[in-house]
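Source: prediction; values computed, not measured. Just so we're on the same page: letters track the sequence lines, and every chain starts at 1.
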Amino acid sequence: MDDKYKCTKIKEIITHNEFNKTFVLDHSFDEAYPGQFAMVWLPGIDEKPISFSAQNEITIKKIGPFTKKAFELKEGDKIWLRGPYGKGYKALDKPYYVFGGGCGIAPLKFFIKKNKATIKTVYLGCRSKTDILFLDDFIKLAEKNNIELTIFTEDGSFGKKGMITDTDEEFSDKYNYAICGPEMMIKAVAEKINIPKQTYVSIERYMKCAVGLCGECSFSGYRVCVDGPVFSYDIVKKLPHFGSKRRTKTGELIDM
Amino acid sequence: MNKHLTLNPPIVNACGILSYLDVFERLEKTGANFGAWVPKSIGPFEKQGNPNPTIYNDGNVMLNAFALPTHSIQSWINEFENTKLKKPIIGSVWGTKPEDYQNIIKKVDKYVEAWEINVSCPNKEVGEKSLMESMTEKIKDIITPLRNTTQKPIIAKLSPNEDYITITKSIIDHVDYVACGNTLGPGLAIDIYSKKPILAGFAGGMSGDAIKPKTMKMVNDIYKIASKKDVKIIAYGGISKWQDIVEYAIAGASIFGVGTALMHKDTEQITEYINKMWTSVENYLKEENTSFDKLVGCLDG
Ligand SMILES: Cc1cc2nc3c(=O)[nH]c(=O)nc-3n(C[C@H](O)[C@H](O)[C@H](O)COP(=O)(O)OP(=O)(O)OC[C@H]3O[C@@H](n4cnc5c(N)ncnc54)[C@H](O)[C@@H]3O)c2cc1C
Ligand SMILES: Cc1cc2nc3c(=O)[nH]c(=O)nc-3n(C[C@H](O)[C@H](O)[C@H](O)COP(=O)(O)O)c2cc1C
Ligand code: FES
């Protein structure tokens with residue numbers, strides 16, 4: 001198997017807010033499933049892991065040099081991707097509860113669209129209404145497919161005011177749980193659910209090769225690019241690096 | 001008397017592959033039966049290496065231009081202090097002058113069972129002075145003093161790109177092993193839509209199946225010199241199936257490193273793959289009614 005780039009064009013750009021854009025691509029990565037990622041290359045700039053938010057779509061949050069450059073791209077521009085890589089969200093043996101926070105909402109949109117019939121409830125948590133990516137899509141998906149949708153905003157500008165963990169729902173082992181978002185949010189939500197064997201979470205670490213060779217993305221010895229990025233919380237909760245350590249570009253293990 | 005390792009099985013990860021002690025620990029826990037572990041080369045100063053893309057795999061050959069990312073010796077020592085690894089560690093070291101190698105070895109010596117002296121990485125960061133190109137003259141000065149620095153077995157990891165026969169002759173009395181070899185090249189991969197080199201480091205060392213015939217020849221050439229001096233050979237280069245190990249053994253190698261072939265494999269897949277590889281070699285030995293020791297260097301022709 002090779003790892004050649006697919007050079008494709010940007011068909012459409014959706015600007016969600018100042019910090020989040022979705023790039024709709026000409027090419028559809030038909031093999032890609034939710035939770036998987038691509039290595040996105042901007043020649044002469046850099047290459048970084050970005051999750052699929054649909055088979056022909058990636059959603060990027062502007063946080064540093066690479067993502068800033070990506071934000072300068074226009075419709076019709078070329079973009080290079082290799083992948084899909086990694087293990088995504090597990091096949092569905094039970095209906096799912098889905099929890100998304102911040103940029104983690106994007107891959108979950110892909111997950112929900114692909115598995116509409118087996119999603120019971122979606123929880124989204126954001127700072128403010130403008131941070132809720134794909135809000136209209138979520139509302140429509142929920143209405144059409146009888147999915148319960150609960151949204152928390154920290155400033156109360158939409159849905160319930162508070163954190164995603166403020167829900168008073170009791171969680172049962174009749175369901176599976178998918179969580180995507182910042183590591184601290186994952187921890188808080190997964191602990192609240194407290195059914196680790198049926199909870200799947202997505203982990204991010206700095207990546208170089210993305211094919212399991214270099215070890216750079218090690219997360220307590222699991223290589224996130226091939227063993228993850230989606231892991232069972234039953235594994236994750238026992239790992240000393242969870243919520244605590246990551247490797248830098250030199251390979252040094254530092255506190256997060 | 002030269003010092004040799006007893007590895008069970010005689011299979012290691014190639015340096016720069018898997019790289020960190022926590023990854024090795026995870027594989028040990030999963031039951032992966034490597035005979036020893038080779039962490040990423042330790043160098044004299046911290047560097048990030050090249051930006052991405054750092055690898056390119058076109059399906060025929062792998063190119064990498066990591067250019068030796070290195071974290072501090074102290075943070076390596078922290079990792080060594082805390083490791084629960086059961087199998088021995090073979091330290092890998094790189095530098096730009098003999099003192100670099102000696103300093104690192106002195107500081108880290110107690111954590112490793114042997115030293116692999118990396119004098120053969122073909123990669124460099126863009127704008128960086130070549131780290132190891134044309135090392136030919138320097139290698140002897142780097143290797144020779146190391147017997148006074150460490151009592152551990154010394155492995156010289158040489159490049160297939162240089163005059164390795166001359167180099168081997170110049171160091172053969174000062175080493176226990178020669179490792180053949182580092183990546184080939186470097187080579188260049190071009191993207192036709194941006195008209196740019198794919199690797200951020202411009203060129204990258206080549207590895208994988210495609211380089212095997214070159215390293216096979218290198219192993220056999222060096223075996224002819226080394227076997228007279230009780231120096232053994234470690235083979236690195238395109239080992240992906242048990243037959244490759246047998247071929248390298250026939251050519252003269254007695255330890256085998258697997259690198260690029262571990263691509264795309266998760267922890268469980270590596271475990272299954274490696275464990276099967278050595279049992280298959282043992283089956284071959286039984287079928288051929290021979291022993292591993294008899295196999296090493298038995299090339300008839
Ligand atoms: C599997 C996977 C999927 C991803 N999916 C997406 C996605 O869909 N959309 C998206 O926008 N991003 C995604 N990311 C994250 C994205 O790859 C990084 O944010 C990328 O580093 C941004 O590059 P940059 O040059 O803009 O910023 P950088 O300079 O790399 O980072 C900016 C700042 O963030 C810090 N930082 C970088 N990575 C981490 C980390 N892992 N943990 C803590 N701090 C960190 C840096 O130290 C720096 O201060 C994903 C990452 C992984 C591993
Ligand atoms: C991604 C990558 C990183 C490497 N890093 C190092 C390194 O730090 N030190 C070293 O001595 N060799 C390094 N090498 C070379 C390998 O150890 C090995 O010699 C070479 O890849 C040939 O073996 P293979 O074909 O099985 O991969 C690296 C190779 C690859 C592919
Ligand atoms: S990024 Fe290289 S092993 Fe995951």
Side-chain angles (χ1 to χ4, degrees), chain A residues 1-9 39-49 65-66 77-80 82-83 85-87 205-228 231 235 238-241 245 247-254, chain B residues 13-14 16-30 39-40 46-60 62 64 66 69-72 74-76 78-79 82 189 191-198 200 207 259-270:
Chain A
M1 194 184 115
D2 68 54
D3 294 276
K4 287 182 185 158
Y5 290 96
K6 177 68 200 170
C7 173
T8 179
K9 284 204 172 126
M39 289 302 278
V40 178
W41 179 41
L42 301 177
I45 313 287
D46 206 339
E47 181 206 43
K48 296 273 175 155
F66 174 81
D77 283 352
K78 290 175 193 151
I79 188 164
W80 287 252
R82 61 180 171 102
Y85 289 127
K87 293 188 172 64
R205 285 297 181 270
Y206 193 81
M207 285 184 188
K208 289 193 174 180
C209 73
V211 294
L213 283 184
C214 69
E216 171 70 34
C217 63
S218 164
F219 170 56
S220 287
Y222 286 106
R223 288 156 296 140
V224 172
C225 65
V226 285
D227 289 313
F231 293 91
I235 291 175
K238 295 174 204 142
L239 300 179
H241 292 180
K245 299 231 186 266
R247 287 188 190 271
T248 65
K249 293 176 193 180
T250 64
E252 185 178 1
L253 193 59
I254 61 161
Chain B
N13 65 296
I17 307 297
L18 308 173
S19 302
Y20 302 108
L21 307 189
D22 51 358
V23 180
F24 305 152
E25 275 174 36
R26 179 64 48 201
L27 283 157
E28 273 192 4
K29 271 193 196 143
T30 315
K40 182 78 185 165
E46 286 185 66
K47 70 202 279 292
Q48 298 189 335
N50 280 313
N52 281 355
T54 38
I55 62 129
Y56 181 61
N57 160 34
D58 70 5
N60 298 308
M62 163 70 98
N64 94 79
F66 275 78
T70 306
H71 58 84
S72 71
Q74 189 50 49
S75 71
W76 270 114
N78 294 345
E79 288 197 36
N82 291 314
D191 175 66
I192 60 170
Y193 295 107
S194 60
K195 290 122 193 141
K196 287 191 192 304
I198 290 174
S207 62
T260 304
L262 301 180
M263 181 163 54
H264 302 138
K265 289 185 172 57
D266 68 20
T267 300
E268 305 228 320
Q269 287 164 333
I270 289 183

Pick from [options]: which one has the most heavy-atom pairs with chain A under 4.5 Å?
| options | result |
| --- | --- |
| B:Pro51, B:Ala189, B:Pro53, B:Ser19 | B:Pro53 |
| B:Glu25, B:Lys265, B:Glu46 | B:Lys265 |
| B:Ser194, B:Gly49, B:Gly16 | B:Ser194 |
| B:Asn50, B:Ile17, B:Leu18, B:Thr30 | B:Leu18 |
| B:Met62, B:Lys29, B:Lys196, B:Arg26 | B:Arg26 |

* Asked: Taking A:Gly215, A:Pro43, A:Gly221, A:Cys7 one by one, which has the highest count of heavy-atom pairs under 4.5 Å against chain B?
  ->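 Of the options given, most contacts go to A:Gly221.
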
* **For chain B, the option from A:Ser218, A:Gly86, A:Gly212 that forms the most heavy-atom pairs under 4.5 Å** =>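 Highest number of heavy-atom pairs under 4.5 Å: A:Ser218.
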
With a 4.5 Å cut-off on side-chain heavy atoms, are [Y] and [X] touching?
| X | Y | result |
| --- | --- | --- |
| A:Arg82 | B:Ile55 | yes |
| B:Thr54 | A:Glu216 | no |
| A:Arg223 | B:Ile270 | yes |
| B:His71 | A:Leu253 | no |

Nearest 0.5 Å, please: how far is [atom2] in [Y] from [atom1] in [X]?
| X | Y | atom1 | atom2 | result |
| --- | --- | --- | --- | --- |
| A:Glu252 | B:Trp76 | CD | CH2 | 11.0 Å |
| A:Tyr5 | B:Asp58 | OH | CG | 12.5 Å |
| B:Met263 | A:Asp2 | CE | CG | 9.5 Å |
| A:Ser220 | B:Tyr20 | OG | OH | 15.0 Å |
| B:Asp22 | A:Tyr222 | CG | OH | 12.0 Å |

Using non-hydrogen atoms and a 4.5 Å limit, figure out which bit of [X] sits close to chain A: side chain, backbone, both or neither.
| X | result |
| --- | --- |
| B:Phe24 | neither |
| B:Tyr193 | both |
| B:Thr267 | both |
| B:Gln269 | neither |

Under a 4.5 Å heavy-atom cut-off, does chain B meet the side chain of [X], its backbone, both or neither?
| X | result |
| --- | --- |
| A:Met39 | side chain |
| A:Lys78 | side chain |
| A:Leu239 | side chain |

* Give the minimum heavy-atom separation between B:Pro69 and A:Lys249, together with the two atoms involved. =>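 Nearest pair, atom of B:Pro69 first, then A:Lys249: CB-O, 3.7 Å.
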
* To do: Looking only at non-hydrogen atoms, find the nearest pair between B:Asp191 and A:Trp80 and report the distance.
  =>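 Answer, listing the atom of B:Asp191 first, then A:Trp80: OD2-NE1, 3.0 Å.
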
* To do: Evaluate the salt bridge (charged side-chain N to carboxylate O under 4.0 Å, His left out) criterion for residues B:Glu79 and A:Arg247: first the C-alpha distance (whole Å), next the side-chain angles of each, then the deciding distance (0.1 Å), finally the verdict.
  => CA-CA 12 Å; B:Glu79 288 197 36; A:Arg247 287 188 190 271; 2.8 Å; yes

* Residues A:Lys87 and B:Glu268 bridged, charged N to O under 4.0 Å ->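 Result for this pair is no, no salt bridge flagged.
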
* **Side-chain (B:Asn52) to main-chain (A:Trp41) donor-acceptor, under 3.5 angstrom** =>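 Judged by distance alone, no pair lies under 3.5 Å.
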
